[in-house]
> 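Right, I'll just put the structure down here and ask away after.
So you know, we letter chains A, B, ... as the sequences are listed, proteins then strands, and number each from 1.
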Number of protein chains: 2
Amino acid sequence: MHSAEPRHRDRRRARHEATKQEILDAAWAMVRAGGLNALSLRALAHDLDMEPQSLYTYFPSKHAVYDHLFAAGNRELLDRFQRVETSDDPRHVLGQIAHLFVSFAADEPARYELLFMRTVPDFEPSPESYALAVDVVSQARSALAALGLDDDADFDMWTALVAGLASQQLANDPHGDRYIRLIDDAVTMFADHVFGTRVPRS
Amino acid sequence: MHSAEPRHRDRRRARHEATKQEILDAAWAMVRAGGLNALSLRALAHDLDMEPQSLYTYFPSKHAVYDHLFAAGNRELLDRFQRVETSDDPRHVLGQIAHLFVSFAADEPARYELLFMRTVPDFEPSPESYALAVDVVSQARSALAALGLDDDADFDMWTALVAGLASQQLANDPHGDRYIRLIDDAVTMFADHVFGTRVPRS
DNA sequence: GTCTATATCCAGATAGAC
DNA sequence: GTCTATCTGGATATAGAC
């Protein structure tokens, strides 16, 4: 497809993409350090030893930067989803999913905020990026369906439970594991509820 | 206590407090309309037909305004907590608490954001306001303890579940009741888990 | 592709006259 | 208690030289 292009074009393109990635890396570092709303093109340029205006060669707007972060976050999450091991024990699968999700949130709170809360004023993902977010939900939905949970209410309950653990972990114990430790118990609670009790407590 | 004060001082003080309240009302309206981070002193002054600088007669800083909103939100929540009816049925009490909490969130998302998420950069509540927030948690904790749930892990699981329903409601269906409808089922799930199953499903 | 220069607008906050 | 005037600094974005 690009074979007709002169070689120096390819090189320039590669350089362009490399710089773009450097900018995105610096952007991740910035939101990691100061929260999602701490992203500023001025500061970003300063970190990269360039003038703020030069960033516009790579991204047409600040929202475009957010959009790339949003897309990358969703791709990472999709990737982790595909590494879930299949198992005959539904509880084992649920446990993996919950762990993966809460870890994803705890690893990088800003990323979780970007993907699942609406905390950046006026930011709307582009259609392409949004499609990735839809994919994530589809993956989760079919993972539960594979366990026999194809009811919408069950799915919503599951996401609420897992999102609750994640958001409480971020809000109340960002550097600890207070809510992460509850995951297995939460899975038991949910599984008992939707599949029927196995081992009643007390 | 103030009986030695001249009457016009009282009147001036009352006028001062009234204006302060007008400012806070306008601030609520602003965050309600545009989100928590949409609060701006300039815009606030404009809405009240005054110059931005005049606001400093009433509040020493923007964070001080946030602090008053934070305190008022917690007072409102405490107030609702005290209206929970006692009952012999723990599930009934849990249901009331969950409803009250998720409704509190759904009624004014910005208020929920201010109280329970950390979305205003650099904002820390004052000690007096923070004490109110601590009161809220205490109230919730003792409400559960009164039902026999005095385990920290049970409390954390409960708050995660309720916070999850609230945050999903705000994020995915802000004007509907998709997650509010799950509350009773969530209470059943939780109660079955901590008290032992009553009526197993399937 | 990067720069200088600039446009435009916004923010929170302070000093001091009235 | 409210105003005018001002400070200081931030932001995103565009035009055009090199």
> Here's a test for you: under side-chain hydrogen bond (donor to acceptor under 3.5 Å, both in side chains), which of A/E17, A/Q21, A/R15, A/H16 qualifies with A/T19?
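Between A/T19 and the candidates, side-chain hydrogen bond (donor to acceptor under 3.5 Å, both in side chains) is satisfied uniquely by A/R15.
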
> Work out which heavy atom in A/G73 is nearest to a heavy atom in A/W28; give both atom names and the distance.
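Nearest pair, atom of A/G73 first, then A/W28: N-CZ2, 4.4 Å.
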
> Does any residue of residues 18-38 of chain B have a heavy atom under 4.0 Å from DNA chain C, and if so, which ones, in number order?
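By residue number: none to list.
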
> Calculate the interatomic distance between B/L55 atom CG and D/dG1 atom C1'; express it in whole Å.
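In whole Å, D/dG1 C1' lies 12 Å from B/L55 CG.
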
> Rounded to the nearest 0.5 Å, what separates atom CG in B/L100 from atom CZ in B/F81?
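Rounded to the nearest 0.5 Å, the CG-CZ separation comes out at 5.5 Å.
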
> In residues 132-149 of chain A, what donor-acceptor pairs under 3.5 Å come from side-chain atoms, sequence neighbours left out?
residue	atom	partner	partner atom	Å
A/S138	OG	A/V134	O	3.0
A/R141	NH1	A/D152	OD1	3.0
A/S142	OG	A/S138	O	3.0
A/S142	OG	A/Q139	O	3.3

> Give every donor-acceptor pair under 3.5 Å between a side-chain atom in residues 29-44 of chain B and any protein atom, sequence neighbours left out.
residue	atom	partner	partner atom	Å
B/R32	NE	B/E108	OE1	3.4
B/R32	NE	B/E108	OE2	3.4
B/R32	NH2	B/E108	OE2	3.2
B/N37	ND2	B/T119	O	3.2
B/S40	OG	B/R42	N	3.4
B/S40	OG	B/A43	N	3.0

> For C/dC3, does OP1 or OP2 lie under 4.0 Å from any side-chain N or O of A/S54?
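So the side chain of A/S54 is within the cut-off, an N or O lying under 4.0 Å from OP1 or OP2 of C/dC3.
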
> Please name the residue in the list B/V93, B/L161, B/L94 that meets the side chain to side chain contact (heavy atoms under 4.5 Å, CB included) test with B/V187.
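Only one option passes, and that is B/L94.
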
> Please round to 10 degrees the angle between the axis of the first five pairs and the axis of the last five pairs in the helix from C/dG1-D/dC18 to C/dC18-D/dG1.
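Angle reported: 10°, given to the nearest ten degrees.
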
> Just the rounded figure in Å: distance from C1' of C/dC3 to CG of A/L48.
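After rounding, the gap between these two atoms is 16 Å.
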
> Do the charged groups of A/R83 and A/D79 touch, with an N to O distance under 4.0 Å?
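Between A/D79 and A/R83 there is a salt bridge, with a charged N closer than 4.0 Å to a carboxylate O.
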
> For B/Y58, which contact category applies under a 4.0 Å heavy-atom criterion: base, sugar-phosphate, or nothing?
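Sugar-phosphate contact only - B/Y58 comes under 4.0 Å of backbone atoms but never of a base.
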
> Using only atom types and a distance under 3.5 Å, with no angle test, would you say the side chain of A/Q169 pairs donor to acceptor with the backbone of A/Y179?
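Here the side-chain-to-backbone pair exists.
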
> Salt bridge between A/R80 and A/D107, side-chain N to carboxylate O under 4.0 Å?
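Yes, this pair counts.
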
> Could you encode protein contacts along nucleotides 5-18 of chain C as a string, one character per nucleotide from 5' to 3', using B for base contact, S for sugar-phosphate-only contact and - for no contact, with a heavy-atom cut-off of under 4.0 Å?
BB----BBBB----

> Do A/Y112 and A/L170 have side chains that approach each other closer than 4.5 Å (heavy atoms only, starting at C-beta)?
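The answer is yes; the side chains approach within 4.5 Å.
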
> With the side chain of B/H16 defined as its heavy atoms from C-beta on, choose the nearest nucleotide among C/dC3, D/dT4, D/dG1.
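The answer is D/dG1, which lies nearest to the side chain.
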
> Let me know the distance between CZ of B/R11 and P of D/dG1, rounded to the nearest Å.
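Value for this atom pair: 13 Å.
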
> What pairs of donor and acceptor atoms, side-chain ones from residues 120-130 of chain A against any protein atom, are under 3.5 angstrom apart with sequence neighbours left out?
residue	atom	partner	partner atom	Å
A/S126	OG	A/D67	OD1	3.4
A/S126	OG	A/D67	OD2	2.7
A/S126	OG	A/S129	N	3.3
A/S126	OG	A/S129	OG	3.1
A/S129	OG	A/D67	OD1	3.1
A/S129	OG	A/D67	OD2	3.0

> Atom CE of B/M50 to atom C1' of D/dT2: distance rounded to whole Å?
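About 8 Å, once rounded to whole Å.
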
> Send over the distance from B/E51 CD to D/dG1 C1', rounded to a whole Å.
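These atoms are roughly 13 Å apart.
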
